[in-house]
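Read through the structure below, which is laid out as structure tokens, and then see the notes.
Side chains included, hydrogens not; waters and symmetry mates left out as well; all remaining heavy atoms used. Every value quoted in this text rests on a predicted model; they were computed, and no experiment measured them. The sequence lines fix the lettering, A, B, ..., with proteins before strands; numbering per chain opens at 1.
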Amino acid sequence: MQTTETSTIEQFAAQDYKFGFVTDVEQETFPPGLNEEVIARLSAKKGEPEWMLEWRLKAYRHWLTMEEPTWANVHYAPIDYQAISYYAAPKPKGSGPKSLEEVDPEILKTYEKLGIPLHERAILAGVAVDAVFDSVSVATTFKEKLAEAGIIFCSFSEAIRNHPELVQEYMGSVVPYSDNYFATLNSAVFSDGSFVYVPKGVRCPMELSTYFRINARNSGQFERTLIIADEGAYVSYLEGCTAPMRDENQLHAAVVELVARKDATIKYSTVQNWYPGDENGKGGIYNFVTKRGKCDGANAKISWTQVETGSAITWKYPSVILKGDHSVGEFYSVALTKGYQQADTGTKMIHIGKDTKSTIVSKGISAGHGQNTYRGSVRILKGADNARNFSQCDSMLIGDQCGAHTFPYIDVQNPTARMEHEATTSKIGEDQIFYCNQRGISTEDAVSMIVNGFCKEVFRELPMEFAVEAQKLLAVNLEGSVG
Amino acid sequence: MTGMLEIKNLHASVDGNEILKGIDLTIQPGEVHAIMGPNGSGKSTLARVLAGQEAYEVTAGQVTFEGKDLLEMDPEDRAREGVFMAFQYPVEIPGVGNTYFLKAALNAVRKHRGLQEMDAIEFLKMVRGKMKLVQMDEGLLNRPVNEGFSGGEKKRNEIFHMAVLEPRLCILDETDSGLDIDALRIVADGVNALRAKDRSFLVITHYQRLLNYIVPDYVHVLVDGRFVRSGGKELALELEEKGYSWLEGMAPEHPAAQPVGA
Ligand SMILES: Nc1ncnc2c1ncn2[C@@H]1O[C@H](COP(=O)(O)OP(=O)(O)OP(=O)(O)O)[C@@H](O)[C@H]1O
Ligand SMILES: [Mg+2]
């Protein structure tokens, strides 16, 4: 064993030299650049089997033939893909801030307002901590409990090593490696992410959340998640965290694939609060995500709920392929843009099976110079008898320099389909704010109250504690946007 | 003795048009004052200026409330100090529960007065009591503020808010309009139950009928931005009999107020 490892390292050290790379053993970071050798080294570093590398390379070669999409209603300077480092994990201790004193005070202030306990603030801010206090024990008891139920919940890398048959069967089955520019890039260079498998008939006894899976901290900009609920299984998954995450990466191109088999249900909730850039629109994360679920069996159900308040640019359309008869797809979304943030988000519901049903509720809020676009597509294919869709897209404007845009695309190929679409645009009225003021409520509280009221139908879909945090988050993000 | 509310030579305009043209009014603690006057004479404007609506610009005059300069304060601070206005047209706030809203309002007021926030159980108990006072339907408590309320329900909800917030100065802007006879009586009974020696009322109305239920100490008639007549409760009866035209000629220095053909 020892010898093999050593020789592998030597081999790569030699390769590095050959291709002109500088290996900084301490930092564990590749120099910027992307080519097949980089992908091979990345895969080797992670100790991946041959088939994984093959898949990555296939994706990479395809990516080279693709063009970056320009159809979204977002504007940004071109991304230089050769300027990105494609391997920077795992971060050694000491690379982040040494203590909370080194973290941006603005971020800390936000943590405080959100009521996040001190030791969690340190974790979120990326402070190198040896012991993770309570979370370690929480995570351990948590893992034991899940294992008892036969549930697999681990990092994507672990899944490749320990459950190759599941990964090979399902990876790319919902979002093919060739799907779109960013998903293809992700397929070539993904760093890590989460893997969940819930066996037949098992109801996952708790909400699963990346937050507790400590080993996946800093899993990087090309995250990949795969969740499989086998026949009759149920799982609710929470992604992200309401606190602003410290992150040096500008581009995030994640892929999430969900597979719900017959009678299974997957509920996937996201609260995204990445760094949005400063008040002048400088910096901030580009969040280009491909999320898709497949109802692969009768009566399967997939429900996406998202609260998007962060990132400079958000480009994501959590979608559902309704293949099984009687399957159900849902999309509940709140997207807030302020400052110079841009969001182009929505969903795709693809009805294939009979008696399939989809619900779309989208709430876009724009403040400052924020631009908010809803882009949704509902397709009813020929065989989808009696398909039903209900879509509701509401926009709220705060101030008069922001914008809201709605692009609903509808493609109905079966005459038995029933479609309902509602759309509204409203402004927070001065008279509403004055009414609140007249009852003693400050303008800031009035705005957050009115916005929260506007988002109620979506928050209702979030797990309880998450909903409370999401409300606080909106309030914090709206501070100073009126008056 | 200085009054609870003292208005001196108040002038106010909106979009450059002068609406209030010199108002003087003193209200002592415990008094009920009624303001009557034709449409567009400035009654709601006076109420909104007192409540602090931004669109109205005060161009001259002073207003003190319990000795403090009212015009200096933000609208929410006026409310917290104890100025309440029941709106002529209460707005709807979709998605925000009536109870939730009121609890936020009450706690903001309490905080300002150095009192502890009220917890949910205590609050609900108190609210139930106040609901009885205005005979409000429990269903309206859990619905979003004013959303889809009938005209009368909105008015009743305003009085309900007033009962919960226990203000010192209550301004009622045509709370009686849109109420059926029974509702009028219920609202008036609610107001009367709130009458206290340290609480004053400024009641704006077009109908003397309301003043049979809420008996005022003084009646003022506002015509074209000025009080043209003040008196006791009999003045309302006299007005009803003779109509505003009887008084319109009394608004000085304004040609439009002269009787036609004079
Ligand atoms: N925002 C505004 N912009 C322009 N004019 C206004 C505005 N608000 C009030 N006014 C004008 O001021 C005048 C007084 O209005 P106000 O609402 O105070 O009358 P009122 O006495 O309450 O009448 P009513 O009995 O019909 O309720 C009216 O001529 C009205 O058109
Ligand atoms: Mg009026």
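Pairing each heavy atom of B:A108 with each of A:G440, the nearest pair is CB-O, 3.2 Å.
A:C455 does not touch chain B: none of its heavy atoms, backbone or side chain, sits under 4.5 Å away. In this structure, no portion of B:P144 lies under 4.5 Å from any heavy atom of chain A. Using a 4.5 Å cut-off between heavy atoms, B:E81 does not touch chain A at all. With a 4.5 angstrom heavy-atom cutoff, B:F101 touches chain A via backbone and side-chain atoms both.
Although no hydrogens or angles enter the test, the distance criterion places a donor-acceptor pair under 3.5 Å between the side chain of A:Q438 and the main chain of B:V83.
Here CD1 of A:I441 is found 7.5 Å from CD1 of B:I93. Values are rounded to the nearest 0.5 Å. Between atom OH of residue A:Y435 and atom CD of residue B:Q53 there is a gap of 13.0 Å, rounded to the nearest 0.5 Å. Between atom CE of residue B:M85 and atom CZ of residue A:R439 there is a gap of 8.0 Å, rounded to the nearest 0.5 Å.
Each of B:L165, B:V96, B:D74 has some count of heavy-atom pairs under 4.5 Å with chain A, and the biggest count is that of B:V96.
Annotation for A:K357: atom NZ does not count as buried by contact number, only 12 or fewer foreign heavy atoms lying within 6.0 Å. More than 12 heavy atoms of other residues, nucleotides or ligands lie within 6.0 Å of CD in B:E122, so this atom counts as buried by the packing criterion. A 6.0 Å sphere centred on OH of B:Y100 holds no more than 12 heavy atoms belonging to other residues, nucleotides or ligands. Sparse packing is recorded around NZ of A:K348, with 12 or fewer heavy atoms of other residues, nucleotides or ligands lying under 6.0 Å away.
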B:E54/A:E430 under side chain to side chain contact (heavy atoms under 4.5 Å, CB included): CA gap, chis, key distance, verdict: CA-CA 9 Å; B:E54 218 177 302; A:E430 307 231 325; 5.6 Å; no
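Taking the six-membered ring where tryptophan is involved, the planes of B:F87 and A:F434 are perpendicular, since the angle between them exceeds 60° and thus also 30°.
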